[in-house]
Amino acid sequence: MFEWLFAGENWTGDQFGSSIPDRLAEHLGYSFGALVFVLLIGIPLGLYIGHTGKGGVAIAGLANALRALPTFGLLVYVVIAFSGNLPADWAYKGPTLFVLVILGVPAVLSNTYAGVQNVDPAARDAARGMGMTGWQVLWRVEVPNALPLILSGVRSAMLQIVATATIAAYVSLGGLGRFMLDGLAQRDYSQMAGGAVLVGLLAVVLDLLMALLQRYVVSRGITGRYARPAAGADVVAAESKVLV
């Protein structure tokens, strides 16, 4: 596996039609293309439900049902049912993106909804008492307080999408799943294992980047970073030094 991973021809494309960087770019394209639609659907809908409290039970049930769908079976069905009605360039890309979006929406939707719902009612009431409108309460109080849970949902959805985007190779598309499928067909198990390791590394790197983004986007008042120790703790520490 390591020999395959570090072979120069696999990175330059001399041996295969596409190199590892080419497949990686395709994989990222599918993943981030789907993630954009997931965010456009999941966050506004989750904010609306969390803020108004309307439709929460129905959406929670729908999100759980979407999570239970078999991804590969859904992809095959959508390709067979709809690919003939799509432009040639989107005959397989469209169904693949659709399935990845279906996979990612529940995590973002449910976390956004739960994050807004769990905001301290006292903070919400105080904002209304100061004369804020519903829109201002949402953006100045509820969203900042719900941001850690919202970003946690985005991270979860991104990891699921990156790991599942390998199925694109089963419908004649590229991505890192191509190495696993071609390796299986050619009985080149080093190539299969190398492709799986690349997917895992990509997921880890993206998760670390999202964790770094979350660290600097979420307010310090919410996370408690750089919080000064309580006065009581200073007193206890001083007393301990005196006793020693």
Heavy-atom side-chain contact between Val162 and Leu28 under 4.5 Å
no
Any donor-acceptor N/O pair, Arg128 side chain to Thr133 backbone, under 3.5 Å:
no
With sequence neighbours excluded, tell me which residues meet ring-ring contact (aromatic ring centres under 6.0 Å, His included) with Phe72.
Tyr170
Atom of Leu97, atom of Ala34 and distance for their closest heavy-atom approach
CD2-N, 3.7 Å
Can you tell which of Leu212, Val205, Val204 makes a side chain to side chain contact (heavy atoms under 4.5 Å, CB included) with Leu208?
Val204
Please examine the side chains of Ile49 and Lys54, heavy atoms only from C-beta on, and report whether any two atoms are closer than 4.5 Å.
no
Please report the closest heavy-atom contact between Pro144 and Leu138, naming both atoms and the distance.
CD-O, 4.3 Å
Please check this pair: side chain of Asp22 against backbone of Ser19, looking for a donor-acceptor N/O pair closer than 3.5 Å.
yes
For the pair Thr112 (side chain) and Val108 (backbone), establish whether a donor and an acceptor sit closer than 3.5 Å, ignoring hydrogens and angles.
yes
Taking Val218 as the starting point, is it possible to reach Val119 by hopping between hydrophobic residues whose side chains are less than 4.5 Å apart?
no
How many angstroms lie between CG in Leu147 and OG in Ser152, if you round to the nearest 0.5 Å?
11.0 Å
Looking at side-chain heavy atoms only, is the closest gap between Pro95 and Phe82 below 4.5 Å?
no
What is the distance from atom CG of Leu206 to atom CZ of Arg155, rounded to the nearest 0.5 Å?
11.0 Å
CG on Leu176 to CG on Leu201, rounded to 0.5 Å:
10.0 Å
Stepwise side chain to side chain contact (heavy atoms under 4.5 Å, CB included) test for Leu24 and Leu198
CA-CA 8 Å; Leu24 180 62; Leu198 289 173; over 6 Å; no
Using a 4.5 Å cut-off on heavy atoms from C-beta on, say whether the side chain of Gln214 contacts that of Pro148.
yes
Do Val36 and Val38 land in one hydrophobic cluster if side-chain heavy atoms of ILVMFWY residues count as linked below 4.5 Å?
no
Of the non-hydrogen atoms in Val171 and Tyr92, which two are nearest, and what is the gap between them?
O-CG, 3.4 Å
Is Val99 linked to Leu39 within one hydrophobic cluster, defined over Ile, Leu, Val, Met, Phe, Trp and Tyr using a side-chain heavy-atom separation of less than 4.5 Å?
yes
Hey, is the main chain of Ala203 close enough, under 3.5 Å, to the side chain of Asp207 for a donor-acceptor pair?
no
Indicate yes or no: at least one non-hydrogen side-chain atom of Val199 is less than 4.5 angstrom from one of Met180.
yes
Distance-minimising heavy-atom pair for Thr164 and Gln160
OG1-O, 2.6 Å
Are Phe37 and Leu100 packed together at the side-chain level, in the sense that at least one heavy-atom pair is separated by less than 4.5 angstrom?
no
May I have the step-by-step check of side chain to side chain contact (heavy atoms under 4.5 Å, CB included) for Val143 and Val116, ending in yes or no?
CA-CA 7 Å; Val143 170; Val116 175; 5.5 Å; no
Could you tell me the separation between the CZ atom of Arg215 and the CE atom of Met210, rounded to the nearest 0.5 Å?
15.0 Å
Gln117 side chain vs Gly50 backbone, donor-acceptor pair below 3.5 Å:
yes
Grouping I, L, V, M, F, W and Y whenever their side-chain heavy atoms are under 4.5 Å apart, do Leu103 and Met158 come out in a common cluster?
no
What distance do Leu173 atom CG and Leu75 atom CG have between them, rounded to the nearest 0.5 Å?
8.5 Å
Please name the pair of heavy atoms, one in Ala157 and one in Gly104, separated by the smallest distance, quoted to 0.1 Å.
CB-O, 3.5 Å
CG-CG distance between Leu213 and Leu151, expressed to the nearest 0.5 angstrom
6.5 Å
Distance-minimising heavy-atom pair for Gly175 and Tyr30:
N-CE1, 4.0 Å
Would Ile43 end up clustered with Trp139 when hydrophobic side chains under 4.5 Å apart are linked, directly or stepwise?
yes
Between Asn111 (side chain only) and Leu149 (backbone N and O only), is there a donor and an acceptor less than 3.5 Å apart?
yes
Does the side chain of Asn145 come within less than 4.5 Å of Asp120's, by heavy atoms?
no
Met192 and Phe179, any side-chain heavy atoms less than 4.5 Å apart:
no
